[in-house]
Amino acid sequence: MNIYSVRMRAADETGHHLSGMERLVLDDDIAKTVQELYQRAWHNHPHDVHITIEKIDQEITQVPVLRIRSGIPNKSPKSLVRTQARQILLDAQIQSDVIDYAFSLLDRGPAASGGNMRGAVLLTKHSGRRLEPDKDRGVRTVRVDVHPKDRDRLHRALVQQGFPHPRTQDALILATKTLWAGVIAELGWSDDPDYTTGFVATKGTYWRFEGIKEAGVNLGGRIYFVEEDEDTAELMNRLQQIPIWVMVSTEFAKNEGEHAYE
Ligand code: COA
Ligand code: AMP
């Protein structure tokens, strides 16, 4: 059996990115997967849709999914939500002024030319230096999916734990690979003005924060906090090239425990 990366990206008539999705599947499932991705793209009324089917020539590394927690009860004020997100980043040894800078980048749009980037910022944890070579593009986490045998199990476990939104599952999978690659912590929220939930992922946990930004704001992005002496080329290679299957442990599937920030 061969394994393939099947990727979809959809854009509007100006070339603006609307949606993207990736699956790592066995060759028997390619046709079904193309159909699924095409349907997903169609929701956004795209002008053009690109589907890439690429054989994976390497062994796929298997990585356990991050555990998921709610950062704060629903409908908390934005300032309180951000205080808790900040605290988790402080606990991960990110410098306080670097955290402030990260929030300000996402609030104003982190691209060098202003607005949203096409990937993530790489930010050093103490001096707050940006390491990504292209500050409009950033770095993307790709070649990652949940293992096909765990796809339904992950969906069921997330619904059971109170996280039914498909965006949460997608972001959890991406963050699992991002931390595996050596990123210390990740802060992110969507640029979709209708979606105000963001997250912090670090030390094996993905913290979900509702109301981290105001509704109606069309700016967002992702910040990857990294070591001061990080080898940027090596890290980018891991994030973009090494294929990862995210696995669901029995413990994760059963976990219905306390999900609030303690
Ligand atoms: N945001 C903005 N623009 C994007 C983009 C994104 N996420 N992904 C691709 N593009 C656009 C860019 O213009 C890009 O050019 P660039 O490299 O100069 O930025 C161009 O499309 C080509 O990108 P490429 O990297 O070749 O696309 P790809 O065919 O490899 O697909 C995606 C990448 C779309 C799969 C990936 O970006 C993505 O969205 N992944 C999400 C995966 C996901 O949700 N996984 C959950 C697993 S269940
Ligand atoms: P989204 O959560 O999909 O709305 O994306 C929010 C922002 O995250 C985008 O504007 C990009 O800057 C960034 N981003 C999107 N996809 C990726 C990815 N695969 N890897 C890293 N950053 C991404």
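When a ligand or atom number is given, it counts from 1 through the structure's own listing order.
Ligand 2 lies within reach of V139, whose nearest heavy atom is under 4.0 Å from it. In this structure, D192 does not count as a contact residue of ligand 2, since none of its heavy atoms falls inside 4.0 Å of the ligand. Using a non-hydrogen distance threshold of 4.0 Å, G188 does not register as a contact of ligand 2. The closest approach between a heavy atom of Y195 and any atom of ligand 2 is not below 4.0 Å.
Remark: K135 NZ is packed, more than 12 non-hydrogen atoms of other residues, nucleotides or ligands lying under 6.0 Å away. The 12-atom threshold is not exceeded at CD of E59, counting heavy atoms of other residues, nucleotides or ligands nearer than 6.0 Å.
The shortest N or O to N or O distance between E22 and ligand 1 is not under 3.5 Å. Of the polar atoms of G220, none of the N or O atoms is found under 3.5 Å from an N or O of ligand 2, judged by distance alone. Polar contact check, G119 against ligand 2: a nitrogen or oxygen pair lies under 3.5 Å apart.
Ring planes of H147 and W245: tilted class, angle from 30 to 60°.
For ligand 1, the atoms lying closer than 4.0 Å to a non-hydrogen atom of T52 are 29 (O). Less than 4.0 angstrom separates some heavy atom of R23 from each of these atoms of ligand 1: 48 (S). When each atom of ligand 2 is checked for a heavy atom of T141 under 4.0 Å away, the hits are 18 (C), 19 (N), 20 (N), 21 (C). When each atom of ligand 1 is checked for a heavy atom of M8 under 4.0 Å away, the hits are 34 (C). For ligand 1, the atoms sitting less than 4.0 Å from at least one non-hydrogen atom of R137 are 16 (P), 17 (O), 18 (O), 19 (O), numbered in the order shown with element in parentheses.
When atom types are taken as modelled, the side chain of T124 and the backbone of R129 share a donor-acceptor pair closer than 3.5 angstrom.
Summarising the contacts of atom 35 (C) of ligand 1 with H16, K177, M21, the nearest heavy atom is found in M21. The option with the heavy atom closest to atom 43 (C) of ligand 1, from among L174, I51, V142, I173, is L174. For the residues N116, D191, T178, the heavy atom positioned nearest atom 9 (C) of ligand 2 is part of D191.
Heavy atoms of Y224 found under 4.0 angstrom from ligand 2 belong exclusively to the side chain. With a 4.0 Å heavy-atom cut-off, ligand 1 is reached by no atom of H50.
The shortest non-hydrogen separation linking A92 to T202 is CB-OG1, 3.5 Å.
Annotation: atom 17 (C) of ligand 2 to nearest protein heavy atom, R222 NH1, 4.0 Å.
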Report task. Decide yes or no on side chain to side chain donor-acceptor pair (under 3.5 Å) for E228 and S127, but give the supporting numbers first. Result -> CA-CA 7 Å; E228 288 300 314; S127 59; 2.7 Å; yes
